[in-house]
Amino acid sequence: MVKILWADDEIDLLKPYILFLETKGYNVIPATDGQEALDILEKEMVDIVFLDENMPGINGLEALTRIKAKYPSVPVIMITKSEEENIMEQAIGSKISDYLIKPVNPNQILLVLKKHLDKERLVSQTLTQSYQQEFRELSMKINENLSWQEWTDLYKQIVHWEIELSSSKDESIFEILKDQKEEANERFSKFYQKNYKSWIRNQDEDSPIFSHKVLSRYVFPLLKEKKRPIFFIVLDNFRFDQWKALKPMIEQLLYVEKEDIYYSILPTTTQYARNALFSSLMPLDIKQTYPQYWVDEDKEGNKNQYEQELLIDNLKRHRIKANATYHKVLNATYGMRMIDILPNFMQNDLNVIVYNFIDMLSHARTESDLVRELAADENAYRGVTQTWFEHSPLLEVLRYLSDKDVDVFITTDHGSVKVNHPIKIKSNKEASVNLRYKIGRLLDFDPKEVFDIKDPKEILLPPLSILSPMIFARANDYFVYPTNYNQYVSYYMNTFQHGGISMEECLIPLIHLTKK
């Protein structure tokens, strides 16, 4: 039974309220002043406290301060005749849970109890019912012949329910949503596979915006106007659901001018997608136009070491005269230094900043049992991202920019997907090592299980040799060799990977922020 401690110097006048609550199944413990309330709390646990603000001796505000100091998790509801602003501010500053003005009626009291003691169950129950009502509509959409715009909208709906239901205690509803999302990913992968060649080669108005078109579509028009500095922030391996998790914190600082999604090119990895992003070229064109900036799969060396050069040449190629800077933040020390030098950036037309934390988290989760436990599922993965952001130099950067007349873009190069279905393939030692795509000679695979490209040039990718086909994993699949098969299946099961085709990898958030 829920126990309520109600402290009021006129408690006898509140007997009708107490009887009403007792008929609703609550146990009310009365107290006539603040000291008696504190004495009762010393002896027994209660679920919630109603506290009159104006009592003799220890008044409500003083009692509130002592209660929160010793029992911080117990919700306290202040009840007062006064509507003075300073009293309200003191109560709120003392971490009060709610505030009622006398005279109150029984239904007000009941509503406050439901709000603070039963809110989690009621919210969970309502959300579950809402999702169940929408489940059939989502299932029908998944099986329709959707356009790329409709797939974008459907993914947004699924992400919405993932985040909303993360607070639900109904485990069965999680499984239903998980199964529905996997079904959607299977259908999306086939849709992507069916259309990708024509999309990437034609790039007409009926095609999605891909990685190599992002700057020319979103940034260059503003850059040509030169109205204000532009900050283009790339969070490596950042997913749309992670953006949704960070959005409430960012909205406190900046206005969300536009929340969009673009499509990543294949493979959905940094080497291909981010080089395409900064160069505004497909990888085959990068190799042909700037061979000095491209490092093939089978070559040693950092395959993204020329992003700044590709960006500068991109601006020149588009005849954009702009002061541009490029910075890659690989550790907290450099991230803090970035904050110190931000005032210097205000003189530039374009400032590109790349943050690598989320990508490092994804790799660390594969390699570290501890990180696997911290980011055990999708919700926990979002939670770790939130925790990082709350304490990151990036938040300080956005806080600095919040009162400046600037355009801020937040985006990424690709996302990642949690894999759980191994696909057995064979290849020689020259094949690429990524679990979601392979390129190399003598690849042996079942064509029904992969998206295979006999000649990478068909999708504007540089081949390794004449006989080097390319294959991509779909949905939640990952590639495993027959040698030590069970060991590698177990090691990579339920890890976050990228390089292939899934909604999480291919549907990329692009957010435009401006001053409030």
Side-chain angles (χ1 to χ4, degrees), residues 1-126 167 169 248-249 251-253 386-387 390-391 395 399 516:
M1 182 180 288
V2 172
K3 286 185 181 181
I4 304 167
L5 171 58
W6 196 332
D8 193 305
D9 60 325
E10 297 177 329
I11 197 71
D12 289 342
L13 300 177
L14 298 172
K15 281 186 178 178
Y17 293 85
I18 294 172
L19 288 172
F20 169 77
L21 291 174
E22 287 176 346
T23 63
K24 295 293 183 180
Y26 296 99
N27 178 19
V28 182
I29 305 169
T32 55
D33 56 48
Q35 185 58 59
E36 186 180 359
L38 292 168
D39 293 340
I40 291 170
L41 285 171
E42 289 283 351
K43 297 173 184 175
E44 58 183 301
M45 299 283 291
V46 302
D47 298 289
I48 194 167
V49 177
F50 288 157
L51 202 57
D52 183 32
E53 180 264 322
N54 188 19
M55 293 184 291
I58 298 176
N59 65 25
L61 287 173
E62 188 177 346
L64 168 64
T65 301
R66 295 192 190 184
I67 290 169
K68 297 308 287 186
K70 200 162 187 179
Y71 314 100
S73 62
V74 176
V76 180
I77 312 301
M78 182 71 78
I79 303 176
T80 179
K81 293 177 182 177
S82 173
E83 295 187 40
E84 291 183 25
E85 187 176 350
N86 69 312
I87 293 176
M88 293 183 185
E89 288 179 350
Q90 286 182 61
I92 293 168
S94 299
K95 299 182 180 179
I96 200 160
S97 298
D98 222 324
Y99 197 99
L100 295 175
I101 306 293
K102 289 183 178 181
V104 295
N105 63 56
N107 285 328
Q108 276 182 291
I109 299 294
L110 191 60
L111 181 62
V112 165
L113 288 170
K114 294 284 187 184
K115 178 180 175 182
H116 293 282
L117 299 179
D118 220 12
K119 178 181 177 182
E120 191 173 285
R121 181 186 66 80
L122 293 172
V123 168
S124 175
Q125 181 179 308
T126 303
S167 59
K169 300 301 180 185
M249 289 182 278
E251 278 187 315
Q252 293 178 21
L253 302 172
Q386 282 178 292
T387 302
E390 287 173 346
H391 305 280
L395 180 58
R399 186 171 284 121
K516 281 189 171 183

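Numbering starts at 1 and runs along the sequence shown.
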Separation between [atom1] of [X] and [atom2] of [Y], rounded to the nearest 0.5 Å:
| X | Y | atom1 | atom2 | result |
| --- | --- | --- | --- | --- |
| Asp98 | Ile79 | CG | CD1 | 10.0 Å |
| Leu113 | Gln108 | CG | CD | 12.0 Å |
| Ile4 | Leu117 | CD1 | CG | 7.5 Å |
| Leu41 | Ile67 | CG | CD1 | 5.5 Å |
| Asn105 | Leu100 | CG | CG | 9.5 Å |

How close do [X] and [Y] get, heavy atom to heavy atom, and via which atoms?
| X | Y | value |
| --- | --- | --- |
| Ala69 | Pro72 | O-CD, 4.4 Å |
| Ala7 | Ala37 | CB-CB, 3.9 Å |
| Ala31 | Ile11 | O-CB, 4.1 Å |
| Asp52 | Met78 | C-SD, 4.2 Å |

Closer than 3.5 angstrom, by distance alone: can the side chain of Asp47 be matched with the main-chain N or O of Lys3 as a donor-acceptor pair? yes
Counterpart residues, salt bridge (charged side-chain N to carboxylate O under 4.0 Å, His left out), relative to Glu62 (two or more places apart): Arg66
Taking salt bridge (charged side-chain N to carboxylate O under 4.0 Å, His left out) as the definition, give me every residue that meets it alongside Asp39, ordered by chain and number, with sequence neighbours left out. none
Close side-chain approach of [X] to [Y], heavy-atom, < 4.5 Å:
| X | Y | answer |
| --- | --- | --- |
| Asn59 | Asn54 | no |
| Val74 | Met45 | no |
| Asn107 | Phe20 | yes |

Quick check on Lys43: does its NZ atom have over 12 non-hydrogen neighbours (other residues, nucleotides or ligands) under 6.0 Å away? no
Contacts of [X] that satisfy side-chain contact (heavy atoms from CB on, under 4.5 Å) - sequence neighbours left out:
| X | value |
| --- | --- |
| Gln252 | none |
| Ala63 | Leu51, Ile58 |
| Ser97 | Pro75, Ile77, His116 |

Return each pair, listed once, that meets ring-ring contact (aromatic ring centres under 6.0 Å, His included) where at least one residue sits in residues 41-74; pairs must be two or more places apart or across chains. Trp6-Phe50
Got a sec, which pairs hit side-chain hydrogen bond (donor to acceptor under 3.5 Å, both in side chains) with one end in residues 8-32, sequence neighbours left out? Asp8-Lys102, Thr32-Glu36
Under the side-chain hydrogen bond (donor to acceptor under 3.5 Å, both in side chains) test, residues paired with Glu390 that sit two or more places apart: none
